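To find a chain, count down the sequence lines: A is the first, B the second, and so on, and within it residues start at 1. Predicted model only: the values in this text are computed from it and were never measured.
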Amino acid sequence: MAGVAMATVCGTAACGSGGDSAGDGGDGTIKIAQVQDQTGPVAYAGLGASEGAELAIEEIEEQGFLGDDVKIELEKYDTAGEIERASSEMNKAMADRDVDAVLGPVSTQQAATVAPLVGRSKVPTIFTQAGGEGVVVNDYTFRVTPPMESYYASVMDFLEEEGVKTASVLYNATFPTFALLGEDDVPAMAEERGIEIVQSLPVQMTTQDFSGQAQQVAKEGADALVMLLIAPQSVTALGQLNDAGYDGQVVATSVQAAGNIEAAGDNANGLVYPVPFSVAMEDKESDAFTKAFQKKFDKEPDPYAADGYDAVWWIARAVEASGDSSREGIRKGLEEIAGDGFTGAMGDLTFDGNDARIDGVLVRWQNGKETLLK
Amino acid sequence: MQDLLNAATLGSIYLLFALGMALVWGTIGILNFAHGATFMFSAFVGHMVSKETELPFLGVIGISVLVGAVISSLTQLLAFQPILKRSKSQHAAEMRILIGGIGVAAIPLALAQRETRSSPFGFNSSYKSEVFEVFGLRLTTTSAIIIVAGLAIGIGLTVWLRRSRQGLALRAIGVDAETSAGMGVNRPLLAFSTMAVAGGLAGLAGALLTFHLGAIAPETGDQLVIKAFAIIVLGGLGSMLGTVIGAYVLAGAETFVLVMNWGTWVDAVSFGLIFLILLARPQGLLGRKEVRRT
């Protein structure tokens with residue numbers, strides 16, 4: 001099969017460029033542009049995805065998955081946390097006729113802005129993270145990270161199993177994913193499980209001090225708190241909840257993964273959250289990814305690295321499936337692979353159209369480490 | 001009462017941060033937009049050192065204050081002073097200094113973002129905040145320290161500026177830099193010292209806020225700069241007492257909004273309140289009616 005892929009990649013290259021075959025990597029090289037934050041407030045997501053992508057490329061080339069002479073080049077464009085810059089960098093990347101596919105911005109605001117441009121430029125783009133609406137909007141937009149609400153039910157199941165009857169919700173209402181979860185999905189899922197939401201406290205992206213909210217949560221004394229906050233906010237909120245005397249179960253989101261909650265120290269012990277990937281995952285592919293990542297980078301991978309890794313492998317599988325490394329060939333291949341699903345670092349990926357779905361796993365943070373709950 | 005206590009803590013945090021900015025803006029006329037980065041990077045250095053060895057509370061404070069003072073002094077020497085020298089007047093320099101400050105701020109921000117991957121960072125310290133209850137009110141030791149430090153330094157600076165010879169000289173620069181220089185005030189030296197003190201205050205605020213919040217992010221200072229800017233304008237440029245009052249007014253308004261559970265309206269309500277006050281009193285709560293710089 002690899003030989004066939006090799007032949008098709010070279011064959012496409014031999015077809016020359018122009019028309020729909022633009023970006024076919026005429027020299028047997030498949031060029032992927034990574035247009036994601038390498039600096040700025042969500043740099044951890046872009047940098048993690050870069051590492052995952054680099055590992056995937058190394059494996060694909062070592063295995064000769066697309067043929068022995070086929071190389072994959074990763075070119076990074078930094079969006080630096082800015083929507084305008086994401087837009088201009090995407091335009092720059094898509095204007096490069098050698099670019100065959102793009103890894104799109106990680107934040108929903110950036111991704112939703114560039115998604116229509118992707119449709120117009122007809123460059124297959126896989127978004128990682130960017131879990132909000134308005135991202136997967138045309139035939140050229142794909143997403144490898146499942147939206148948080150699609151696997152958040154496991155948290156609510158956990159609360160039900162723990163006998164939780166009442167819950168408070170503390171959420172960042174200016175972060176689209178959390179606003180959706182906090183205002184719609186969590187209340188609906190709680191109602192289905194007989195859990196009463198007794199308190200709902202929205203905060204802004206700029207909120208830094210949670211003393212007031214923590215005391216309100218402690219005063220209400222619900223059995224559990226659903227905490228939907230960005231990384232620095234979570235660290236502060238957990239400390240101040242402890243200071244306020246709140247001792248209920250706190251559940252959070254995958255934002256707390258990747259060691260982002262480590263700065264909270266003992267205050268984070270017992271925190272439960274769902275993740276699309278964790279180093280605690282034991283299935284064969286996830287474990288192999290973790291070990292390979294540790295070997296290459298001498299550290300544990302985070303969920304963002306798993307995103308980048310699965311995204312690049314999806315592209316490689318797409319080229320192999322369509323036998324065509326042009327932009328249009330990759331788009332068709334991505335659709336075909338999405339139709340069948342595949343197993344990656346995040347486990348078994350299925351797709352709703354071009355949008356990934358997984359079961360996710362539930363982890364508990366205890367003494368600086370994630371342990372698998374289920 | 002608990003809400004008042006929360007407002008006092010939040011106001012003291014804002015005050016500690018805003019004092020340094022207010023001092024340099026209200027006296028030597030420098031609106032230092034690098035103040036947030038100085039604040040953050042002071043705490044970041046404390047974080048880096050404490051990763052190597054556990055530090056006591058005063059150790060972290062000492063490192064952060066020292067780093068803040070050094071960064072701020074270097075900013076004055078390498079950025080603001082040359083801009084001032086090359087500008088025809090203080091007025092012409094103001095915009096360049098503002099942009100220069102934003103440029104300077106980008107360097108420590110990028111360094112911290114690169115090192116931490118923009119993840120939150122805190123201190124590895126032997127100090128652990130404790131909670132105590134007085135008449136049913138819960139207060140942490142860190143909150144108590146912040147309230148006392150904020151009020152003490154705020155009032156101390158106000159008194160110092162009003163009563164001391166150096167304070168008088170500084171205020172004279174704020175009113176008329178050229179005339180005060182003609183009267184024997186050593187402007188460059190005073191400006192350098194003021195920037196060092198402001199940097200030290202930023203470092204103190206950075207360390208205390210990091211202890212209070214558990215951790216901060218590289219971008220935390222950027223958000224506080226806007227609030228400090230609003231506090232100084234609200235209180236009245238040139239009035240340290242105005243800054244003290246402005247900090248607590250803003251914190252009070254924000255706490256009220258939170259108590260009402262209008263969490264997403266915090267900035268809209270608090271900045272709207274500032275807007276309304278400025279419509280009624282453009283010079284700010286305690287600002288001079290007319291300040292003319294030449």
Engineer: Is chain B contacted by the side chain of A:S234, its backbone, both, or neither, given a heavy-atom distance below 4.5 Å?
Structural biologist: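 Nothing of A:S234, per the 4.5 Å heavy-atom cut-off to chain B.
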Engineer: Counting only non-hydrogen atoms closer than 4.5 Å, does A:V203 touch chain B with its backbone (N, CA, C, O), its side chain (CB onward), both, or neither?
Structural biologist: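 Only the backbone of A:V203 comes within 4.5 Å of chain B.
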Engineer: Quick check against the 3.5 Å criterion: does A:Q216 have a side-chain atom that pairs as donor or acceptor with the backbone of B:L258?
Structural biologist: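 Checking the backbone N and O of B:L258 against the side chain of A:Q216, a donor-acceptor pair under 3.5 Å is found.
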Engineer: With chain B as the partner, which of A:Q240, A:Q38, A:Q215, A:Q213 has the greatest number of non-hydrogen pairs under 4.5 Å?
Structural biologist: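 It is A:Q215.
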Engineer: Please classify the contact of A:Q199 with chain B as side chain, backbone, both or neither, using a heavy-atom distance under 4.5 Å.
Structural biologist: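 For A:Q199, there is no contact with chain B at all, as no heavy atom is under 4.5 Å.
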Engineer: Select one option (side chain, backbone, both, neither) describing which atoms of B:T9 are under 4.5 Å from chain A's heavy atoms.
Structural biologist: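 Looking at B:T9, nothing touches chain A.
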Engineer: Among A:V235, A:N260, A:D243, who wins on heavy-atom pairs under 4.5 Å with chain B?
Structural biologist: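 Result: the option with the highest number of such pairs is A:D243.
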Engineer: Can you tell me how far the NZ atom of B:K227 sits from the CD atom of A:Q208, to the nearest 0.5 Å?
Structural biologist: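 Those atoms lie 7.5 Å apart.
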Engineer: Under 4.5 Å heavy-atom distance to chain A, tell me which part of B:R138 shows up: side chain, backbone, both or neither.
Structural biologist: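 Contact with chain A: backbone and side chain both.
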Engineer: Could you look at A:D266 and say if it's the side chain, the backbone, both or neither that has a heavy atom under 4.5 Å from chain B?
Structural biologist: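 For A:D266, there is no contact with chain B at all, as no heavy atom is under 4.5 Å.
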Engineer: To the nearest 0.5 Å, tell me how far B:T264 OG1 sits from A:Y171 OH.
Structural biologist: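 Here the rounded value is 7.0 Å.
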Engineer: Below 4.5 Å from any heavy atom of chain A, which atoms of B:H47 appear? Answer side chain, backbone, both or neither.
Structural biologist: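 Neither part.
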Engineer: Side chains of A:T206 and B:D267 only: does a donor on one sit below 3.5 Å from an acceptor on the other?
Structural biologist: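 Short answer, yes.
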Engineer: I'd like to know which of A:G81, A:G265, A:S211 tops the heavy-atom pair count under 4.5 Å against chain B.
Structural biologist: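 Most heavy-atom pairs within the cutoff with chain B belong to A:S211.
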